[in-house]
Every structure is written in structure tokens, then in C-alpha cells.
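A short worksheet on the structure shown next.
As the structure lists them, so they are numbered: ligands from 1, and atoms in each ligand from 1. FYI, the numbering just counts along the sequence from 1.
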Amino acid sequence: MEKIVIEGGHRLNGSVRISGAKNAALPILIATLVAPGEHRITNVPELADISSTLSLLGRIGCPSLVSGPTVRIDTSRIAFSEAPYDVVRKMRASVLVLGPLLARHGECKVSLPGGCAIGVRPIDQHLKGLEALGCEFTLEGGYVYGRTDGLKGAEIQLDFPTVTGTENILSAAVLAEGTTVIHNAAREPEVVDLCNFLNSLGAKISGAGTSKLVIEGVSRLSPATRPYPILPDRIETGTYLCAAAACGGDLTVTNTDPELMSSVLLKLKETGCTIETGVDWIRIYRNGARLKAFKVRTEPHPGFPTDMQAQLSTLASLAEGTSSITETIFENRFMHMAELTRMGADVEISGNTATIRGVESLTGAAVMASDLRASAALVIAGLAGEGLTEVLRIYHLDRGYEKLVSKLHGVGAHIARVSDDIIDRAELQEAVNASTARAQAS
Ligand code: EPU
């Protein structure tokens, strides 16, 4: 196994190119199942979760070919309609096969995902919506078996605007007979991207980006003639902006979309950073002055995203004054706080609110993350902290951040990816120096 080692205290300057959004690519790749034929999707990030998705599609009988950021998938034939435990356990988003497989194949068997490090995460709303469309489910041996004799449009009221729940229902409703209306639908940009993709196959979805989605079912969908580009990753964008806010410097993120991230940009301005935007770029700079404390509460889009909460926690740890962070989406998404405390952060948690009294600086330590965004928060803490930080369990980062180390090298970070076996401080320092020097020379 490998870990990331960071020598903190270097400002970040230059530009980072943002990849396609993981959470848009996953449902879109899986939704290709609704239209038999060959699909081309571009701006797909190179991530462990994408490989898992393509291998799941392969097991279903749909081979794919990856060429850089372009993926070709052939969904002409469905051989099996199952997402087994060993796949779902690694990537919960595998449950997204439910809607497309039921719509196209009339049956499916999907392992129940169970809880994960950030919460219990049931799929009751997914099943409720699909049942309203005419699916029947039984649970046995940890698996949910779904079948239908034909989907019929329905009015569906979600109890919560679940992102993947909305996506699952959408991907089934496009092939249902008649009209489906999803009330209290998720408004996240990734849901909008899925709607646009499905419409490019011939689906008739309106209301994307609002909480009422109207889907006129069609009898058949076909692959689009043009490749479909995945939208930019707003969480990757926000993560690099937070890294620059924490370290200071002058950073521009390119190939992104500022329109997708107003709540995050407003919060970064509150911390005292200067932000400039263009059509597809965002520049952030902070010179000298300390960050200012802030209050933040996570909410469904267009509110502040839960996927940026951990990264903001690192900024709060360094800000002048007392910040408060309230997590309302997941019940267990403060696991990074204990690790930040090991680096010197002053955090008190009461219920779903963390009160963080900012300190002048964080100190490097060996830290271990429980999930993807928590890992990103610890990398940012390491970049801004004093001395060496080791971030363990980086398989989380590999799931969601494409080429993290080389992108950070490109903007002046001193960072390396090394074997877990290296524990000697001098050797770790040497590895960081060598990796950084190599990156600067290339
Ligand atoms: N919920 C239910 N029942 C359901 C579905 C959801 O109670 O049937 C609850 C969940 O337990 C949670 C809340 O509703 O408390 C929100 O969950 P949601 O379903 O919206 O989350 P998700 O679809 O499982 C996606 C992203 C997450 C992101 C959330 C919230 C993907 C593949 N995942 O998850 O991304 O945090 O929406 O925006 O799109 C990440 O990228 O690190 C990540 C965790």
C-alpha cells in the first residue's frame, strides 16, 4: 500500500486543470444501459471508481474501451443483470444499475450497499420511486431482487432530495409508459448532467435543475451520434481552491464552471480570499492576511455541499476566530475532525455541529482518513501545516481525485506518493525532495 507525504508551508501558485466530475460520470456511464448500442463519453476522469464502474458494466455484458478521457461502451447486449456484493461493497454508486436494468431488462439483483464511513445511507427512496413505476422488490441474503412486467409513469414524492435516488428513478422513468413526475427531486448539477445525457439519447425530461422533474416516457432510446462530455468536477475545483486558501498564493483552476459553485465561492470570499471568475476558470489569491472565521451549514444543492464540508473544516482550523460547521446531510461526517485535532486543530463537536477555534498553524503528523473528502481535508492540512504530514489509506483519494500528486506538484506543492513501508523521517523527507525535484524538472 502507499501513502502521501507532504512537506507543508509552501504557497500554491499557477494553474490546475479540473477533470470531469466523478459523481456525474458514474450515473452517466451506468445510464448507457438504457440505450442498446455503442456510446462515447468524454471528459471521464481516470479514477478507481470509474474502473470499478466499467468492470461492473463488463460483468453485465457491456465491454468498454478507455482511451485517455474518452470511454466507449457497447451496451448492445445484457448478459447478466446483477451487481454483486464484492462490487457494491467497494462502490455504493453501483446501486445506480437498479433503474436502468429494470427499465431495459425487466429484472435485476443488486447487493444492498449497507452503511459506510459517513452514515447509514439507506436506499428506501430509490425503491419507493421504482415501486411507484411498477417494480416489485424482495430482499434476500443481503440482495434486493427487482422485477417488473413493464414500467408505467407515476407521481413520485421523495421524502428527501436524494441524488442517486433521483438518478435511479430518472433512468427508469425515461422508458416507462406515460408521464412521470418526481417532486422534491435533487437539483445537483450532476443530476442535470444525467438529464442532459438521457435527453441526448432521445429521452424527454424537463425541469432539470429544479425540484420538479417531468419525464415523458419513450419506447426506445439510442446512443447519441456525438460523444457526450461530462461536466467539470465542482468538488475537485473546490478542493484545489481550499488548498490555495489554506496555503496562500495565487492559483487558477481551469476547465471548470464557476456557475456550479456559487455557495462555495461565497464562503471562500467570507474567509477573506479574493476570487475572480471567467467562463471556465476561477482564480483565488490570498497574500499575508490570516483567513477569517465563518459559519457554514451543509444543504442539498444549491446550498453548501456536504462534499466540501471536510475541506472547509481545515480552513476553519486555521482561521482567525471561532467557526461553526453544521452537517445536515450525513450523520457521521466529522471523522476528519479527530485527525485534524492530532495536527493541532481545536475542535469541539456537539451533535451535528463542530465549533472550531482557529489556531495560528497546524503541525505535520501521520493521519488516516475514513472517506474521500476527509482525505482531501487532511491533504490540505498537510500542505498548509508545518513539517511532514503522512496521509494514510490513500485508496480513498484514488477513488475521487485524478492525478492529485502531479496536479499539486504543478502548483508548487512539496509532495510524494511512497510505499507505506517507509517510516524513517529522513527517508520520507528525501522522497518528498526527490519527487518534487523530478516534477519541477519535467
Ligand atoms: N437517504 C435516505 N434514503 C434514500 C437515499 C438517501 O435516507 O433512499 C439519505 C442518506 O442516508 C443521506 C441523505 O439522504 O443522509 C443524502 O443522501 P443522497 O442519497 O443524496 O446521497 P447519495 O446519492 O448516496 C451522492 C454523492 C455523494 C454526496 C451526496 C450528497 C454520488 C455517487 N455520491 O450520494 O458523494 O455526498 O450525493 O450530495 O453521487 C463523494 O463524492 O464523496 C460523495 C459521498
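For atom 1 (N) of ligand 1, the nearest protein heavy atom (residue, atom name, distance) is P122 O, 4.1 Å. Ranking the protein heavy atoms by distance from atom 23 (O) of ligand 1 puts T164 OG1, 2.5 Å first. Here the heavy atom of the protein found nearest to atom 36 (O) of ligand 1 is D307 OD1, 2.6 Å. With respect to atom 14 (O) of ligand 1, the closest heavy atom belonging to the protein is F160 CD2, 3.5 Å. In this structure, the protein non-hydrogen atom closest to atom 21 (O) of ligand 1 is F330 CZ, 3.9 Å. Remark: minimum distance from atom 3 (N) of ligand 1 to any protein heavy atom is reached at D124 OD1, 2.7 Å. Among all protein heavy atoms, the one lying closest to atom 33 (N) of ligand 1 is N23 ND2, 3.7 Å.
Below 3.5 Å of separation, one finds an N or O of R373 facing an N or O of ligand 1. Any N or O atom pair closer than 3.5 Å counts here, and T306 shares no such pair with ligand 1. The distance criterion of under 3.5 Å between nitrogen or oxygen atoms is met by V163 with respect to ligand 1. Distances between N or O atoms of E167 and those of ligand 1 include no value under 3.5 Å. Not one N or O of R92 is nearer than 3.5 Å to an N or O of ligand 1, by distance alone. Considering backbone and side-chain N/O of I329, one or more are found under 3.5 Å from N/O of ligand 1. The distance criterion of under 3.5 Å between nitrogen or oxygen atoms is met by T162 with respect to ligand 1.
Ring geometry for Y145 against Y143 counts as tilted: the plane angle lies between 30° and 60°, on a 0 to 90° scale. The aromatic rings of H10 and H414 sit parallel to each other, their planes meeting at less than 30°, with 60° as the upper class boundary.
At a threshold of 4.0 Å, the pair E131-K128 does not count as salt-bridged, since none of the basic side-chain nitrogens sits closer than that to a carboxylate oxygen. Residues D398 and R417 are paired through a salt bridge, judged by an N-O separation under 4.0 Å between the basic side chain and the carboxylate. One finds a salt bridge joining D371 and R333 here, because a Lys/Arg side-chain nitrogen approaches an Asp/Glu carboxylate oxygen to under 4.0 Å.
With hydrogens and angles left out, the side-chain atoms of E167 and S171 include no donor and acceptor closer than 3.5 Å. T237 and T256 form a side-chain donor-acceptor contact under 3.5 Å, judged by distance and modelled atom types alone. For the residue pair T179 / E216, a side-chain donor-acceptor distance below 3.5 Å is found, with atom types taken as modelled. Side chains of T306 and E327: a donor-acceptor N/O pair is present below 3.5 angstrom, by distance only.
Set against the non-hydrogen atoms of Q125, the atoms of ligand 1 under 4.0 Å away are 3 (N), 4 (C), 8 (O). Less than 4.0 angstrom separates some heavy atom of L372 from each of these atoms of ligand 1: 42 (O). Below 4.0 Å from some heavy atom of K22 lie the following atoms of ligand 1, by number and element: 40 (C), 41 (O). Against a heavy-atom cut-off of under 4.0 Å, H126 is close to the following atoms of ligand 1: 8 (O). Of all the atoms in ligand 1, the ones that sit under 4.0 Å from a non-hydrogen atom of R121 are 11 (O), 22 (P), 24 (O), 34 (O). Contact atoms of ligand 1 toward R333: 36 (O), 42 (O), 44 (C) (distance under 4.0 Å to a heavy atom of the residue).
Screening E190, E188, E259 for a side chain to side chain donor-acceptor pair (under 3.5 Å) involving R234 leaves a single residue, E190.
When distances from atom 5 (C) of ligand 1 to the protein are checked, a heavy atom turns up under 4.0 Å.
P258 and G278 make their closest contact through CG-O, 3.1 Å (heavy atoms, listed as atom of the first residue, atom of the second, distance).
The 12-atom threshold is exceeded at CZ of R283, counting heavy atoms of other residues, nucleotides or ligands nearer than 6.0 Å. With a 6.0 Å radius and a threshold of 12 heavy atoms from other residues, nucleotides or ligands, Q157 has its CD atom above the threshold.
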